[in-house]
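These numbers come from the heavy atoms of this one structure, side chains and all, not from hydrogens, waters or symmetry mates. Order of the sequence lines sets the chain letters (A, B, ...), proteins ahead of strands, with each chain counted from 1.
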Number of protein chains: 2
Amino acid sequence: MLERLRDAGLRPTRQRLALARLLFEGGNRHVTAEQLHAEARREEIAVSLATIYNTLNQYRKAGLLREVVVDSGRSWFDTNLEEHHHFFHEATGALTDFEAEGLAVEGVPKAPAGTEIDRVEVIVRLRDPQ
Amino acid sequence: MLERLRDAGLRPTRQRLALARLLFEGGNRHVTAEQLHAEARREEIAVSLATIYNTLNQYRKAGLLREVVVDSGRSWFDTNLEEHHHFFHEATGALTDFEAEGLAVEGVPKAPAGTEIDRVEVIVRLRDPQ
DNA sequence: TCAATTCTTTAGAGTTGTTCTAATCTAATT
DNA sequence: AATTAGATTAGAACAACTCTAAAGAATTGA
């Protein structure tokens, strides 16, 4: 974990290490800033909300996390760096991954002049059965 | 326009009619609440920001508009009701449509138990050429 | 047509999620 | 150990909404 932070050019401070452990040990996960803050509090890790936001954004810039926008008014951070897509259940706000393997998006038009494609994101919005 | 509002079960008030004209006359468009408010102000239509929000949400619920979430912290409303997808240019915040025709998304996994697919959204994120 | 009723609009206060500020603290470097 | 550069913090500030309750406008029914 220490290495991972050093490689990303981030000083391995107490707070950053503790948050890295919560985020990266034990499988992929999705969190919001508030959720991570609450979790740190439960684990008795003293970290301010400002540091949670700073850290999540630094991790994102360093490529340790991805941001997922599905929900206006709240940012999700996703530790899964593999190519994948998302289910989003509007009713509950639940966000789950599905693998890109098996999914084919064909016929994406070429990028408008002066831009290039960064990535193609597929969001499958779910509702309760009617 | 009057008909359109009545059919949607909305009283055709001065404000709702004026906003409907801005939104629906003259081709498809994407707006945020603030943008529409500024535009109304320029056209000397007196509408409060609260009414802008109310109206956009009523239009969305009535199916006259769709909401597009690409940008955490801001909601976009899209008057294009046809099946289509979006380019989003991160650097400028520009949002543009592309037709669904020609695009094929294959191999979407089936919806998790207890849910069904509402819609499959494709967002092509653009960056400046490196 | 004109009350009476119901729905709509409004200004401003409130809320939520996020960023900023500037003072204090800590890791790295000398 | 002292210095310095960078990190953390509480709380203020900010942006995008949403709510409230009072005033206004569209509809209804006589």
Within a 6.0 Å radius of atom CD on A/Glu90, are there more than 12 heavy atoms belonging to other residues, nucleotides or ligands? yes
Mind checking what makes ring-ring contact (aromatic ring centres under 6.0 Å, His included) contact with A/Phe88, not counting sequence neighbours? none
Can you tell me if A/Arg16 uses its side chain to pair, donor with acceptor, with the backbone of A/Arg11 under 3.5 Å? yes
What residues, two or more places apart in sequence or in another chain, satisfy ring-ring contact (aromatic ring centres under 6.0 Å, His included) together with A/His37? none
Quick check: closest heavy atoms across A/Leu49 and A/Ala33, and the distance to 0.1 Å? CD1-O, 4.4 Å
Do side-chain atoms of B/Thr79 reach the backbone of B/Arg29 as a donor and acceptor pair under 3.5 angstrom? yes
Please tabulate, for the side chains in residues 100-117 of chain B, all donor-acceptor contacts under 3.5 angstrom to protein atoms that are two or more places apart in sequence or on a different chain.
residue  : atom : partner  : partner atom : Å
B/Thr115 : OG1  : B/Pro112 : O            : 2.6
B/Glu116 : OE2  : A/Arg127 : NE           : 2.9
B/Glu116 : OE2  : A/Arg127 : NH2          : 3.2

I'd like to know whether CD of A/Glu82 has more than 12 heavy-atom contacts from other residues, nucleotides or ligands below 6.0 angstrom. no
Tell me, which of residues 5-18 of chain B have any heavy atom that sits under 4.0 Å from an atom in DNA chain C? B/Arg11, B/Thr13, B/Gln15, B/Arg16
I need a per-nucleotide contact map over nucleotides 11-24 of chain C, read 5' to 3'. Cutoff is protein heavy atoms under 4.0 Å; write B for the base, S for backbone only, - otherwise. B-----SBBB----
Using a 4.0 Å cut-off to any heavy atom of chain A, which nucleotides of DNA chain D are the first and last in contact, reading 5' to 3'? D/dA5 to D/dA10
Quick one: does any side-chain atom of B/His30 pair with a main-chain N or O of B/Leu95 as donor and acceptor, under 3.5 Å? yes
Between the CD atom in B/Glu121 and the NE2 atom in B/His85, the distance rounded to the nearest 0.5 Å is 8.5 Å
